[in-house]
Visitor: 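Please see the structure below; I have some questions.
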Amino acid sequence: MIALVTGGTAGIGLQIAGKLRAAGMTVLITGRDQPRGAAAAADLDATFLPADHLTIAGNLDLARRVREHVPRLDVLVNNVGGGAFTERTVTAEGHEATLALNYLGPVALTQALLPTLVEDARIVQVVSSAFTMHTDDPFTELPTYTAIAAYARAKQLNLLATMSLARQQVGHTAVNAVNPGMAWTPGVQALTPQAVPAWRYIWPLVRMIQRRASPEKAARVPALLAQRPTGTGQLYESNGKVKAPPARLHDPALQDRARQTVADLTASRHIADGPADACGPTPKE
């Protein structure tokens, strides 16, 4: 079996890749840091593919190189993500960076790799419990930017698109999402109190809890979903149990809009001239 783990050079992704390699899979990992990626690949006996996960173009280029490198994919683990942009940042394509990294990129990559996936393949989308924090229309630009609000919105859109894809792939590929729980990863280590204002008064306690959270433990359920036959269209918690998303996210039209938004951006290929935010107007800088 052949598996692709995005963001597989450190943290949870590295642990997932290690578990899949230990299970006998051929593993490809991606990341932006060449030296770290090469070292991780050597340790795992895996293949490292450098990737720009912040842009749609970068993800489409990665999909092309994956197709050139392997004849098929049995497993796709979309692990790459993060919310450490303390200040609002815009990518080279004009999209808000947290949205691009956690939603636009993974969905574009998955869509581009669908022809490469075998019929009984498994797609595992790593999300976060933070998606429950966004209660407004996810297609509307945030009135005030904070890192955690942007992250919650992006992860909610990602989950919606994942559920849409699961419905599209019924009877073929198993598509599931998983909240791996807290883990002491490079992304978490880079967080500051400014990124999550609600935590600023208890920051020492938050950091103590974070430091005790094991990336290896967080990788267990995503790795199991990648290895074992499952149903499709489910959201799994870090304990391996299925948890239903909030009722408002069950709307098929909402789910399909989240996936189609990225499909339209990808199909147009006029990325540089497209809207600054795929899901709403961008406030003037």
Visitor: Answer yes or no: is there a donor N or O on one side and an acceptor on the other, between the side chain of N79 and the main chain of G8, under 3.5 Å?
Guide: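 Side chain of N79 to backbone of G8: no pair is present.
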Visitor: So, the side chain of K217 versus the backbone of P180: is there a donor-acceptor pair under 3.5 Å, distance only?
Guide: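 Here the side-chain-to-backbone pair does not exist.
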Visitor: Treating N59 as the side-chain partner and T55 as the backbone partner, does any N or O pair qualify as donor plus acceptor under 3.5 Å?
Guide: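 It does hold such a pair.
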Visitor: Please determine if R153 and E96 form a salt bridge, counting it only when a charged side-chain N lies under 4.0 Å from a carboxylate O.
Guide: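 No salt bridge links R153 with E96.
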Visitor: Ignoring hydrogens and geometry, is there a side-chain-to-backbone donor-acceptor pair from T232 to V175 under 3.5 Å?
Guide: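 Judged by distance alone, yes, a pair lies under 3.5 Å.
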Visitor: Can you confirm whether the side chains of H53 and T6 place a donor and an acceptor under 3.5 Å from each other?
Guide: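 The answer is no; no qualifying pair exists.
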Visitor: Does D74 reach the main-chain N or O of I2 with its side chain, forming a donor-acceptor pair under 3.5 Å?
Guide: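 Checked: pair present.
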Visitor: Is the backbone N or O of D256 less than 3.5 Å from a side-chain atom of R167, with the two atoms forming a donor-acceptor pair by type?
Guide: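 Checking the backbone N and O of D256 against the side chain of R167, no donor-acceptor pair under 3.5 Å is found.
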Visitor: Can you sort out the partners of N78 under side-chain hydrogen bond (donor to acceptor under 3.5 Å, both in side chains), two or more places apart, ordered by chain and number?
Guide: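 If we apply the side-chain hydrogen bond (donor to acceptor under 3.5 Å, both in side chains) test to N78, skipping adjacent residues, the hits are T110, Q125.
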Visitor: So if you build clusters from Ile, Leu, Val, Met, Phe, Trp, Tyr with side-chain heavy-atom gaps below 4.5 Å, do V70 and L109 land together?
Guide: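 They do share one cluster, since a chain of ILVMFWY contacts under 4.5 Å joins V70 to L109.
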Visitor: Is R67 atom CZ crowded by more than 12 heavy atoms from other residues, nucleotides or ligands, each under 6.0 Å away?
Guide: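 Buried by this count: over 12 neighbours within 6.0 Å.
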Visitor: Only one of L165, L249, V107 forms a side chain to side chain contact (heavy atoms under 4.5 Å, CB included) with L160, so which one is it?
Guide: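 Exactly one option meets the side chain to side chain contact (heavy atoms under 4.5 Å, CB included) with L160, and it is L249.
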